[in-house]
Structures are given as structure tokens and as C-alpha cells.
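Here is the structure we will look at, set down as C-alpha cells.
This is a predicted model, so every value here is computed, not measured. Order of the sequence lines sets the chain letters (A, B, ...), proteins ahead of strands, with each chain counted from 1.
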Number of protein chains: 2
Amino acid sequence: MLPPNDPNRHNFSGGPGALPRSVLEQLQEAIGAVPEVGLSILGVSHRSDWFAAVVSELEANIRQLLGLPENYHVLFLQGGATQQFSMAPMTWLRGKKEAADYLQTGYWSSKAITEAAREGPLRVLWHGEAGGFRRLPQDEELEFNPAAPYLHYVSNETVEGLQFHRIIGRDDIPRICDMSSDFLSATGPFDKFSLIYAHAQKNLGPAGVTVVIIKDQLLQDAPRDRLPAFLDYHQQIAAHSILNTPPVFAIYTVLLVTRWLRDEIGGLAAMAEINAAKAAALYRLLDDHDDFYIPRAAKADRSTMNVVFNLQSRQREQAFLAAAEAAGFSGLGGHRSIGGIRASLYNGLERAAVDNLIDFMADFRRRSLA
Amino acid sequence: MLPPNDPNRHNFSGGPGALPRSVLEQLQEAIGAVPEVGLSILGVSHRSDWFAAVVSELEANIRQLLGLPENYHVLFLQGGATQQFSMAPMTWLRGKKEAADYLQTGYWSSKAITEAAREGPLRVLWHGEAGGFRRLPQDEELEFNPAAPYLHYVSNETVEGLQFHRIIGRDDIPRICDMSSDFLSATGPFDKFSLIYAHAQKNLGPAGVTVVIIKDQLLQDAPRDRLPAFLDYHQQIAAHSILNTPPVFAIYTVLLVTRWLRDEIGGLAAMAEINAAKAAALYRLLDDHDDFYIPRAAKADRSTMNVVFNLQSRQREQAFLAAAEAAGFSGLGGHRSIGGIRASLYNGLERAAVDNLIDFMADFRRRSLA
């Protein structure tokens, strides 16, 4: 039912990312009628037994993929990571005397800090350096507060292309992590975290749903009946994400993506291997031609999801983007806050697309230097 | 591409409601690739020119359909009507001395009152009556506070099947109205309202997006920089609903529904006529056989969207629901809070489906009394 795959049309956008072809095919069918129900996915009741089973299987799939035990709750909420920027500190920071630890490592963690600062005291452990966010802090540069209500950081900064390749913080302080842009892209150990949140539109599904994973111990520390119902983790968990009408279509899509990950890809270890190979191939091209393509992030902190680089001049970057768009590579423009080039390599983007891009980039360099 | 229309399979659910067939067909195509873009609707950038044009056309379509002047802002937010239950009083009630006026006319307005009461002082003008919500107040039963920050009411109570067929309140006090279940189902005058909100999943599109319409004058009274960005109407309006990643698919669907309303149906007056005829036909059956089917709502306040009724016993209701389900009428069970039967007749439900239901109901009665 899908149009034939166009090998020269690829979505390298920072998000929403591409979804696997087999998932798109199932969604087309479900818009006509969900096979098990006989009604369009857009007209299925969210109070039906079928949808309760969708949520329940999806919770289980995510726990299984991440290797999480039963003392983790899995939620599907609206409002994006942006809502979690506020909802977490509304819950665990309001009224506290002791400051939470926050890491400022790029564009998105800065947004999280702005919103958290409205809710309670926080201490920013790391501000980046002059010249922008080009590397992440090393362990010896971070002094964690042993009395902090929690530590918050962003595992992958999509704008700057920086990714933590280790877990930071102390085991006795709850870790809260925004994994929006690398969730389900690699293996854990995820049980080192007390709260993980990730909007769907990179690796998981369409914009409009956000996965939130909460360790029971942290949940127990959340006050009750102090927040509106939709901002109250307790109430959302009690309702299994169906407190009010949830985004049924987006949640169903995420279910299909988790099935694809498990059954077609073979789990997170296999996915991680594919993603590492995609990123390594593209970084190799940059390193081989760093007279022309200038990688932005320090080598140790390079993101496997977002490969960010510059060319020698803004003019040459614009020529690159125009030629890439014409060649069918969509969404390569860097984030509006810093410009440059960004190739996002989310789970749904196939290796062949990266190879095509590499060929194009090698060719563009040759033509430019000729 | 859609499976052939099954004339014996209809969605009468209280929501999500059915969407028009031509909209579903366009969505199937867009899941493969949006014609103007060449990428799947699930992988189109929300920062693209194309999506900015989608939002801009949708804002204009809604203003045009409702006959609203340029001093109304149109937003597409997440979180459902539930988020608006809190967001409106967070904005216009917090810190106020004077109480806002609220009408409690059924299940949903009761929810709105619970959430508003967390935020500031309110006065409930009408509580319904002993025996549940079976009618709406008359004008002489309502004494509005001339100093209230605003009046809040729900135009259509889906659970009880009660609908206001007039506009209530004072012109000098801002009217805030939850129109989730009858939005775009009939004509206005909508410029009597200062804030209108409506989640999409009845008449407009899939769950996951909520339309919010704000008169500029009310917006000017909203404090700035006191709420998290995602709960701040000013910031959402400044960003034209793209403050963070919006639910792209849901918004695109609502655009297609507004085009269908305008071009295929012929606008709200034509839609109102179709809806009135559907409801009249079904209520006529109830009235003709009120020895068997017992309408719940007072005649003057009957909803054109949700026809709620009982049978003589719970046992007979269960037999009715089982027979209806077997005959392909889905979602006829009343809301879990009151039980009974509810037939929801949203915009997307075709007249033929109502006629089929009427035939079935006449036949069920004959068989039961035989």
C-alpha cells in the first residue's frame, strides 16, 4: 500500500524522525480498520478492552526492551519533554530547601533548567564552556551534592550532537534523565535511573506522546493531591495513562515500533550495533576530510544520534544544504540556534540512507575543491 | 485504499468519534507520503514551511467556520480539555479575591470545577438536582455575579446528553466554554465567548490535540511569565502552537476535517441541519416508544450529539447492548458513571448509520415485547 521506497529521499531531520516502513504499512491498514477491532484506529474507544491491552503490552515491551524490573512504572503522557521539564520539579523540587543538581550541557538541558528554576532551588553543576557546548564534563569536573533531591541531565543533546556514553551521578541520589533523543537506541543499565522521560518523535513514534518511566521508590516520595490531576504522576499511574483521553493513535504507533524493535531488529543490543555502525561510518568521513567537514563535538562525546558539523563558511554550508535537498536528503540544516549541518540517524533511518549521504558528501567535497 | 464501507459496522461511541471517509483516505496516503512534501506525515519536520502553512490554514479555517473576527487567537494544544480545566483558572483565577462563576450541569463540568477549585475562588451557580443531571437551568434560576473574573460552563454534557441551546451569561463577563463535544456541530454566534476550548476526538480529529480560541481582550488580562511555558497562553500564541513539537499528525487531521466541513458539507449551517435531522429521527423513535425506551434528558435540553436513554431494567439494557454489538453498532454503552444507553451522533457519523440504528431499535422492541 505504501508508495515504492524512493532510495533518493531520506529524512535526516532532528525530529520528527523517520519510522520503519513495516510500521507505516500497519498504520495505513489501521486507519482503515484495526484488524482485531474492525474500526479505524482514529475511532476506537480509549476505554475499550482492546486499547487497555495495547497499553498493557506496550508497558511490558518497554520494560522488557530496557531490562527493567517490575518496580518501574511506565506512563504515556502528552506535552512532550517540555511538560516533564516542569512536571518533575513541580513534584520533587517544590518546597524543598536543598537544591537539585542540574547539568547544562546544551540547548535542551538549558530549557529544562529554565523551567525547573520556577519550581524550586537548583544548582547548575556544569555550564559548558566559552565557545558553546562542544564537549561534556568529565567525572572529575563534577561534584555532586550528596543531599540533592535529585540529579537531572540530558543523555543526548540533539542540537550540539553531544551524548553521554556513561551514566553519571551517585547511586544514592535519584537520577532523572531526559532521554528524548536516544531512548531505545542502545542498551542500559537503565535501572540506575529513577525517572526517564522521552518524547516519541525521534526513535519511537509520532509527536504527541511521551514515555515516562518511574521507579517506585521515587514515586513514593511524590506528594499526593497537590497538583492538577494531569500533572500528578500518582493519578496518571493509577489510571494506566488513561486518566483522560490519551493520544490513541500515537500510543498504538509506539506499540508497533517496540514490536519492530523486538521482532525485526532483535532487541536493543542489535539496534545499538546498527546505530553505532551508521554513526561510525559518517564520523569516519568527517575525520578523513576534516579540511572540509569540521565535526563540532569532542570525539569522546560524539552522539550516535546527531552528527553535527560545519563547513568552512556559511556560504558553503548553504550551498551544501541546497545540493543535499536537491539530491533528496531532507532536514540536514542545523538547529536554528546554532546553524551548521546536522545529520540525525535515529533508529528508523536505514543504513543505506547513511551510505547514500556519505557518497553524496564525498562527491560534494570533490566538486567544491575542483 | 480503504476497505469497502461496511454498512453494518458503525461507531456510536461517546468518543473518539468516527471521522469522514474522505479524511481517512487522505490520511492513509499521507502516512506513505504527504503529496506536497514527499515524506510521511509521521516524519515531516514541525519546523518546515509546509507545517507552518498547515497551522496557518487551520487557524483561518476555524475562524472562518465559526465566523470569528481577527481579534481571536486560535491554538492547538496537547493535554485535552482536562488541561484546560486547570490552565484557564491558573491564568485568570489564581490570586483573585472575587469568585468565578461555574455551572455544574453534569459529569464533565464537575471535573472542571474540581480542578478549578485548586486554583482560586469559585462559586457554583447550579448543582443540578436530586436524581442526577436530567435538565439544565433556566435563565431565571441563574444569578450571575457581575464582578466574576469569568463564567465557565460546558455547552454539551456528553455523559448525560444535555446541551445548552442558547448562550448564557452576561456580555460584560468573559464567557469560558468547554465545547469539546459539540464544537463545529452547529452555528454560533461564537463571538459572544472569550475562551472556547474543544478536544478533537468528537467532531474534529483524533485524540491528542485540543483547539483553544481566545479573544484578544481576555488574553491581555492574562499575567505574563508566571506559569511554565507550556501552560502560558501568551507563549503558545506567540509560537503559533509550535512552542515545542506539536502533535503534527493530529493537527493535519483536523485541517482535513475543516476542509471537509467547508467543501464537502458546505459549512456549519449545513452541518447543523444534518446533525439536527439525525438527532430528531432518533428522539422521535424514543418518544414514539417511551413505554420501552426512556429518554434521560428533559426535552428542552436534549443534546443533538449524545442521545441518552434507558430501558426498563438493567437486564434488558444488557440484552440490548449485546444485540446491538452483534448487529455492528459499536460503543452504545452509556458512560461508566451512569450506565444506560448512549448513541453519540458526531459530525462524522452518517445519517444512514442513524437510520440503521433506528430500524434495529424498532425491531429489538418488537422482538422483546413479542
Side-chain angles (χ1 to χ4, degrees), chain A residues 1-3 6 9 11 13-19 24 27-28 31-33 38-48 78-83 85-86 90 111 114-115 118-119 199 201 205-209 227-231 243-250 253 328 330-331 336 348, chain B residues 1-3 6 9 11 13-19 24 27-28 31-33 38-48 78-83 85-86 90 111 114-115 118-119 199 201 205-209 227-231 243-250 253 328 330-331 336 348:
Chain A
M1 223 159 39
L2 278 183
D6 182 347
R9 190 91 193 126
N11 175 12
S13 147
L19 290 181
L24 295 181
L27 289 174
Q28 279 189 319
I31 290 213
L39 291 170
S40 168
I41 180 68
L42 304 182
V44 173
S45 170
H46 60 288
R47 301 276 173 202
S48 63
Q78 297 187 61
T82 298
Q83 183 166 319
F85 292 167
S86 294
M90 280 173 173
K111 292 261 187 193
T114 302
E115 296 300 339
R118 298 176 179 280
E119 306 301 338
H199 62 220
Q201 64 264 20
V209 65
L227 289 167
F230 79 105
L231 297 175
L243 180 76
N244 60 328
T245 316
V248 171
F249 175 82
T253 305
S330 168
R336 62 196 183 287
Chain B
M1 224 159 37
L2 277 183
D6 182 346
R9 189 89 194 129
N11 174 12
S13 146
L19 290 181
L24 294 181
L27 289 174
Q28 280 189 319
I31 296 244
L39 292 169
S40 168
I41 181 68
L42 304 181
V44 172
S45 171
H46 60 288
R47 300 278 174 201
S48 62
Q78 297 187 60
T82 298
Q83 184 167 318
F85 292 167
S86 294
M90 281 174 172
K111 292 261 188 192
T114 301
E115 296 299 339
R118 299 177 179 279
E119 307 300 338
H199 62 220
Q201 63 265 21
V209 65
L227 290 167
F230 81 104
L231 297 175
L243 179 76
N244 59 328
T245 314
V248 171
F249 175 82
T253 305
S330 168
R336 61 196 181 286

message: Quick check on the interface: out of B:Pro228, B:Ala81, B:Pro206, who has the most heavy-atom pairs with chain A under 4.5 Å?
response: B:Pro228
message: Need one label for A:Leu227: side chain, backbone, both or neither, based on atoms under 4.5 Å from any heavy atom in chain B.
response: backbone
field: Any donor-acceptor N/O pair, A:Ser40 side chain to A:Ile31 backbone, under 3.5 Å
entry: yes
- prompt: Of all residues at least two apart in sequence or in a different chain, which pass the side chain to side chain donor-acceptor pair (under 3.5 Å) check with A:Thr82?
  reply: B:Asn244
Considering all heavy atoms, the nearest B:Ala250-B:Val209 contact: CB-CG1, 3.7 Å
task: Sort A:Glu115 into side chain, backbone, both or neither according to what part of it lies under 4.5 angstrom from a heavy atom of chain B.
output: side chain
- prompt: If you count heavy-atom pairs under 4.5 Å between each of B:Gly38, B:Gly17, B:Gly79, B:Ser330 and chain A, which one has the most?
  reply: B:Gly79
- request: Please flag which part of B:Gln83 lies under 4.5 Å from any non-hydrogen atom of chain A: side chain, backbone, both or neither.
  value: both
field: Euclidean distance, A:Thr245 OG1 relative to A:Gln78 CD, rounded to 0.5 Å
entry: 8.5 Å
- request: Output the option from A:Leu27, A:Val248, A:Leu39 having the highest count of non-hydrogen pairs under 4.5 Å with chain B.
  value: A:Leu39
- prompt: Who among A:Gly331, A:Gly205, A:Ala229 has the most heavy-atom pairs with chain B under 4.5 Å?
  reply: A:Ala229
- line: Applying a strict 4.5 Å limit to non-hydrogen atoms, the region of B:Leu42 in contact with chain A is both
message: Using the side-chain contact (heavy atoms from CB on, under 4.5 Å) criterion, which residues pair with A:Ser45? Sequence neighbours excluded.
response: A:Arg47, A:Ser48, B:Ser13
- prompt: Looking at CD1 of B:Ile41 and CG of A:Leu24, how far apart are the two atoms once the value is rounded to the nearest 0.5 Å?
  reply: 11.5 Å
